[in-house]
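The structure under discussion appears below in the form of structure tokens.
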Amino acid sequence: MTAAITILSSCLIGVAIKILFSRSTLEVIISASVLSITLVCLYLFMDAPDVAMTEAALGACLSTVVLLTIGSRMPKLLTKAVTPYLSLFIGLLSAVAVILMCYKQINNYSSIQKPVHLHYSNKYYTSNLKEDMGIPAFIAGILAGYRSYDTLGESLVILIAGISLILIINPNLGGGESGVNKTHLKNEGNNIDRNKSMLSIICRIIIPYALLICIYIQINGEVSPGGGFQAGSLVGSVFIVYSICSRTISINKKYLVITAIGSVLLYCFIGVSGIIFGGNFLNYGVIPLPHSQHLAIFIIELAIGINVASIITLIYLTFHDIRKR
Amino acid sequence: MHIKYSYPLIFWLIITDFHLSLISIVGSFGALMCMLKIIKAKPIWPRIKWGHLKYFCWLIKQIFLSSISVMLAAWSRKFEVESVFCEIDIKNMRQDLTILYAHSITLTPGTMTVDVQKNHLLVHSISLSGIQELEEGKMKKRIANIQ
């Protein structure tokens, strides 16, 4: 295990050096994608499968696709990156010097006797989670139970990011019907583009199983690693892969915005129902239903999943539309 | 109903450790169908036969052999890349077998399918011998034997 982590970490350093000395933007984007895949393996070896899933969906899929879309629209002068060797050398040298100076202080960063690990809230979470929330998974319990205010804020941030992106890229959103326009990619041939048949047939075989894994991660979020964020980002990346390999996808962007807003409203509704039954905001324990905590956490994870999936698809489709224009 | 429609169910049972609960099975398949409907995907449920498995074992052996030969060539001092493009004939081949053929060529190190045309595959190789092996048609015969 330690050997694998060491090998992967040295691979990371190698890829980082490769990115520094690469000659064109395309090379940088592809190397960054390789870096992200290496990180996924590293997270898996370090027992963090949920972080690995998110990294694969967001780092390797979404950001690579969006960067490639932007890179294909850049003027040719910009796409040729010139490496300033002297300043690079000076910068690297100063970074190494700073790290060497800080080395003694970050020595025991992960030691179990650090104040972060001795704080009373951690002990409270680990000993009382099962009684308070009724679910065995710590991350889901903390994310949707103890810290549900933070999670509400996070899903709002994702929603605002998606909507502001569409407002910036499509400036005439408020100006009538043409604002949220329908993304309809051209339908070449009957259903399979012959040149892309290698990709598209394999995708059509794999997609149902990939979606089944997404559903599994979503509905088992309270008992195993995973949950709304992971499942949502995986569903979004499946949509992106499908729309790359076959040009017949047509999703109305208006519906995506509606589902994203609706899921955040669902989250708030669960929170308000705590007030209705005489508790605090987002206190689901007072709802008079059997296993109310478990049920509320399940619905909240579902809302987060729908929110993340629709925003990721929205971001991809928005950038895809610029390329078409 | 053909057995091929049960592949998703088998897959679902494997990833859930055979926890049979009617609600989760029905709900997940309903959600799957909804998502396939939303993206208008027309999924393919391939029929897996005994011949496919036999071909797969042979392919793994070929991948090992050719990766060893490519590695030896790359480490030797007199290595010169003879970049060759070649068209491989695929007339009268079913579409699924064509895709299998193209992916097998890409999976064996040294050769790569660049394009799939109506009557031929465009294949790139780093050495002449790789192309010669392909033109002998061992792989093509094995693929034709599957059906």
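Letters A, B, ... are given to chains in the order of the sequence lines, protein chains preceding strands, and every chain is numbered from 1.
Here the side chains of A/Ile135 and A/Lys130 are not in contact, with every heavy-atom distance at 4.5 Å or above.
Most heavy-atom pairs under 4.5 Å with chain A, from the set B/Trp45, B/Trp12, B/Phe29: that is B/Trp12. Among the candidates A/Ile213, A/Asn220, A/Thr313, the residue making the largest number of heavy-atom pairs closer than 4.5 Å to chain B is A/Ile213.
Contact annotation for A/Ile206: neither backbone nor side-chain heavy atoms come within less than 4.5 Å of a heavy atom of chain B. Proximity to chain B (any heavy atom under 4.5 Å) is restricted, for A/Ile207, to the side chain, taken from C-beta onward. Of the two parts of B/Ile15, the backbone and the side chain both hold a non-hydrogen atom closer than 4.5 Å to a non-hydrogen atom of chain A. If you measure heavy-atom distances from A/Ile219 to chain B, the contacts under 4.5 Å come from the side chain alone.
Legend: ring pair (Phe, Tyr, Trp, His ring centres under 6.0 Å) pairs involving residues 112-142 of chain B, not counting sequence neighbours, sorted by first then second residue: B/Phe85-B/His124.
Note that OG1 of B/Thr16 and CG of B/Leu13 are 5.5 Å apart. Values are rounded to the nearest 0.5 Å. Rounding to the nearest 0.5 angstrom, the gap separating the SG atom in B/Cys34 from the CG atom in A/Leu211 is 11.0 Å.
Applying the side-chain contact (heavy atoms from CB on, under 4.5 Å) criterion to A/Ile287, with sequence neighbours excluded, gives A/Ser273, A/Phe277, A/Tyr284, A/Leu289, A/Ser292.
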